[in-house]
Amino acid sequence: MSPEPAAASPSRTAVGRETVRVDGPLKVSGGARYTADFHFPDMLYAVPVCATIASGTIAAIDAKAAGAMPGVRKIYTRDTIGKFYRVPASGGGIIDERRPPFEDDTIRYYGQYVALVVADTFEQATAAAHRVKTSYRAAAFDVSTALSPEETPKVKSRRGDPNAAFDAAAVKIDHVYNTPIETHSSIELHASVATFDGSHFTLYETTQAVGNFRDVLAQMLGVPKENVRVVTEYLGTGFGGKLWPWPQSLLAAAAARDLRQPVKLVMTRQMTFESAGHRPHTRQRVRLGATAEGKLVSLRHDYAYSRAPLSSYAENCGESSGFMYSTPNLSVSEAFATRNVGVPTSMRGPGAVPGLYALESAIDELAVALKMDPVALRLRNEPAIDESKNIPFSSRHLNECLATGAETFGWSRRTPAVGSMRENGAVLGWGMAACTWMAARWEAQVSVMFNDDGTLRVASGTQDIGTGTYTVLAQMAAELAGVDVGKIKVVIGDSSLPPGPISGGSMATASLVPAVAQATREAIRNLIAAARESDSHFANLPVDRLAFHEGRVHRTDQPPGEGRRFEEVLASARLGHVEGRGKSEGTFRNKNPTVSTHSFGAHFVEVAWQPEIARLRINRTVSVIDGGRIVNPLTARNQIEGAVTMGIGMALFEETHYDHRHGMPINSNLADYIMATHADTPPMEVIFLDYPDTHLNEMGVRGIGEIGLAGVAAAITNAVYHATGVRVRDLPVKIEDLLASSVA
Amino acid sequence: MTSNEFTRRDMLTVAAAGTGALAGGSFPMTPAAAAPAKEGPESMPTLMDLSLSVNGKEHRLSLDPRTTLLDALREHLHLTGTKKGCDHGQCGACTVHVDGRRVNSCLKLAVMAEGAEVTTIEGLGDPDRLHPMQQAFVEHDGYQCGYCTSGQIMSAVAMMKEPWGSDDADIREAMSGNICRCGAYQNILAAIRQVRHG
């Protein structure tokens, strides 16, 4: 083994410091380029034609009149789009809607693409798309919301004898909770700008995973991966809705291939509700059995979710049920029911978010039944280890989250009786819930380069979906290399870069740490080697007598200030740059983990209920998050506040409705699919415990993109119960539900 | 085509007939914009010449009269800082100033903006010379993905001149036409408060 340069302890200042985003000035001045912002000479505009039935077959497509309209270049149908291929079940990449567009004449959901109009302008393409006449042979369909398992439920987790323990329990809870279909509704519409040069595609895409996107599109277009490049410089976020490709990308690429001109296709907001994924409907029965002292003796969580024809997507609602609380007897089972809706996909905190709404509601109901404080009940059932796998937790501080949250919120002043707290003429409700989300690493590769212009380049084929990846990568490299954040150039969002992690699962940051660390250290070694070769100041010194600090190569017997700046070292060596490469191994879905890695947290919520005008408001929230070491508290707090905001929407507003006559998502716009607006959000307090979890990486970073949403809806409905006495088990809370309240 | 579809072409017809309600009742109709469009094949309107004043610069354009102000800015003038989030006036991502007032540029046809002064995010400031509101958004992390940000900032700058009260609740209400799905509202509030109260 070659001796290591004495550069192992660079100045540790950048990680953990509040750092404004390095891409901030671009974002506030309109200079950050999102997919639909790309423009090329001779670019054409594509607009899909969408099915107006939810099930059946296409009888005929009459595009004659549309094709004669001004500016129309071509109208594609199954007969003319060209050949598409499927992606193999393993090794080809991930896509939720496996059927390529136009593959057959069968319609399986409302809004499925049946044709594509390409014209010189967006206005011409839109007008012509309206003139394409499609006739159908409609078939029966089902978009009902009453879910019953289609097959024998699959056991996901089991220990002890949950049925006998439940039957014998002193106190029992047995309720069914429903969460509706929710749509991601990122403000950026899904978009594709496809270019083709005769052999190679460059696809500007809205994706949370440029590498996977490249793999899938190469498969489906039938070309080698090397012939496809996918670029996402900035993403108007995704929340899972842009994790995997959707059919519009393939249509844009095929049109560009056929017409040999760049093609831009921006989905309409309505289309994003129909054919770009959603969180499926869930129906969850939770049975809890406890002793009179509040010790859980049995937990059963049986859930079903809606899914689509040709979809194998599973909403893993019981993901955290097996380890959240201590109980000797437990079972978790999964089932599905097929509905004629677009293909579902992951939405922020898939599985755990609807799952914890049900579980944390049931725990609150148990606390009421026991006449016990809900914080105390959770503390009493804190497990010593992950009982679902019989392995220790890497770092679990849920008790401290609960205690800190209760203290900060003022929970000790809570009076438990329904409707017993009042302020300014309103009834107050105080509710809380715990939360958790997995922590793991994806495989990741990173390149780090010292450049002769005095900058440090960090490159990886990952993305910044708004979480702050540009900035945390700069912070990590700054910390490891001892270079100012302002001197770091982060290059991401391009499939031609070293393969980076997907922006999903709250894992990108944790995945990047080992790769950035390895790459930076290798770059430093290469820089020191260059210094020894080319600079008489360092010549003939053994490598362990040289170090790199504060951007300078220096002798270990001298302070860094006596050394040479790295750009000077490169100049005298006549090098443009030296590079280091690093790689992180993935841990996600590790079959035999030795420790259980999860983040934890607790949310506390105050609602105000004004019975005389049936008005419900959220007054304030407190969230305490145990998410490992926080790289950037400024952007991290924003993540949690944003997630709590989404949780307010989940609890009070969000639901995609399907018209039972036509199978159409009828509130497929941003006025009728209601999300929390600025005026719906209250002051929020966020506290990070900031315990490093070094099991995943040397910086102790886990991930915080999703955990902030988990548990929020239950904390709100628990508060609503405390204010009104109405237990809402079907989200979202509707004012008409609360009219049943006897609190006046 | 189903009967409930309302196309921009229909909208143009309505607008040309003088129904001002669609645009708030006070858009300038120059003779060029009010003249009936030349008819092309299939009775489709062909191009119309117009002049748009954007960020203090005059642009001569020949546009399909169905083109919204938003698409004229983005697809023809390549001022892509203004974003399309819904194309229905529901999200606020396309907010620009028309004669100093905030407007959803997706709800205004480009021809309706002739004679007016349009300001977009690019006209407010650039990375080297940020407007105080842009600077405040950077300092307070008033965004995540950045997609709604141009609209948020244009709205925030315009609301400073509107008759709102001084409470945080007034800011929250005034800014509720701009949806931030990332939910950066606390930081947007902090940024606006800084500029408003110094």
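Predicted model only: the values in this text are computed from it and were never measured. In the text below, chain A, chain B and the rest are named by the order of the sequence lines, each starting its count at 1.
The heavy-atom pair separating B:Gly125 from A:Ser29 by the smallest distance is O-CB, 3.6 Å. Nearest heavy-atom pair across B:Phe137 and A:Val28 is CB-CG1, 3.8 Å. Here the shortest heavy-atom pairing between A:Ala679 and B:Ser176 reads N-OG, 2.9 Å. A pairwise comparison of heavy atoms in A:Pro25 and B:Val138 identifies N-CG2, 4.0 Å as the closest pair.
Contact annotation for A:Thr645: only side-chain heavy atoms (C-beta onward) come within less than 4.5 Å of a heavy atom of chain B. For a residue to count as touching a neighbouring chain, one of its non-hydrogen atoms must lie under 4.5 Å from one of that chain's; by this rule A:Ser186 touches chain B with the backbone only. Using a 4.5 Å cut-off between heavy atoms, B:Leu124 does not touch chain A at all. When heavy atoms are compared at a cutoff of 4.5 Å, B:Ala93 approaches chain A solely by way of its side chain, counted from C-beta outward. The contact between A:Leu235 and chain B is made entirely by backbone atoms, counting heavy-atom distances below 4.5 Å. In this structure, the portion of B:Thr149 lying under 4.5 Å from any heavy atom of chain A is its side chain and not its backbone. Contacts between A:Tyr673 and chain B at a heavy-atom distance below 4.5 Å involve the side chain alone, from C-beta outward. Contacts between A:Ala671 and chain B at a heavy-atom distance below 4.5 Å involve backbone atoms as well as side-chain atoms. Contact annotation for B:Leu79: neither backbone nor side-chain heavy atoms come within less than 4.5 Å of a heavy atom of chain A.
Heavy-atom neighbours of chain B within the stretch residues 34-43 of chain A, taken at a separation under 4.5 angstrom, comprise A:Tyr34, A:Ala36, A:Asp37, A:His39, A:Met43.
Among B:His140, B:Gln134, B:Glu173, the residue making the largest number of heavy-atom pairs under 4.5 Å with chain A is B:Gln134. Chosen from B:Glu122, B:Arg74, B:Glu75, the residue pairing most often with chain A at heavy-atom distances under 4.5 Å is B:Glu75. For chain B, the option among A:Glu18, A:His184, A:Arg33 with the highest count of heavy-atom pairs below 4.5 Å is A:His184. Per-residue heavy-atom pair counts under 4.5 Å with chain A were compared for B:Gln90, B:Met175, B:His78, B:Gln135, and the maximum is reached by B:Gln90. Counting heavy-atom pairs closer than 4.5 Å to chain B, the top residue among A:Leu189, A:Ile648, A:Leu26, A:Asn638 is A:Asn638. When each of A:Glu654, A:Arg348, A:Gln270 is checked for heavy-atom pairs under 4.5 Å with chain B, A:Glu654 comes out on top. Put simply, of A:Ala191, A:Pro683, A:Gly649, the one with the most heavy-atom pairs under 4.5 Å next to chain B is A:Pro683. Contact count against chain A (heavy-atom pairs under 4.5 Å) is highest for B:Gly85 among B:Gly81, B:Gly85, B:Gly183.
A:Gln124 and B:Asp64 share no donor-acceptor pair across their side chains, judged by distance under 3.5 Å alone.
The environment of CZ in A:Arg17 is sparse: at most 12 heavy-atom neighbours from other residues, nucleotides or ligands sit within 6.0 Å. For B:Arg60, the CZ atom counts as densely surrounded, since its 6.0 Å shell holds more than 12 non-hydrogen atoms of other residues, nucleotides or ligands.
When side chains are defined from C-beta on, B:Asp71 counts as touching A:Glu123, because their heavy atoms get closer than 4.5 Å. Side-chain contact check for A:Ile187 versus B:Lys83: every heavy-atom pair is 4.5 Å or farther apart. A:Thr681 has its side chain within reach of B:Gln186: a pair of non-hydrogen atoms, C-beta onward, lies under 4.5 Å apart. Under the 4.5 Å side-chain criterion, counting only non-hydrogen atoms from C-beta, A:Phe122 is in contact with B:Lys84.
Rounding to the nearest 0.5 angstrom, the gap separating the CG atom in A:Asn669 from the CG atom in B:Asp87 is 12.0 Å. Interatomic distance, OH of B:Tyr147 versus CD1 of A:Ile465, reported as 15.5 Å (0.5 Å rounding). Note: B:Arg66 CZ to A:Thr126 OG1 = 8.0 Å, rounded to the nearest 0.5 Å. Atom SG of B:Cys148 sits about 10.5 Å away from atom NZ of A:Lys27, to the nearest 0.5 Å. Atom NE2 in B:His88 sits 10.0 Å away from atom CG in A:Asp672 (nearest 0.5 Å). Between atom CD1 of residue B:Ile188 and atom NE2 of residue A:His678 there is a gap of 6.5 Å, rounded to the nearest 0.5 Å.
Look at B:Asp141 and A:Arg21 and you find a salt bridge, because one of the NZ, NE, NH1 or NH2 atoms lies within 4.0 Å of a carboxylate O, short of that distance. Under a 4.0 Å N-O distance rule, the pair B:Arg181/A:Glu182 does not qualify as a salt bridge.
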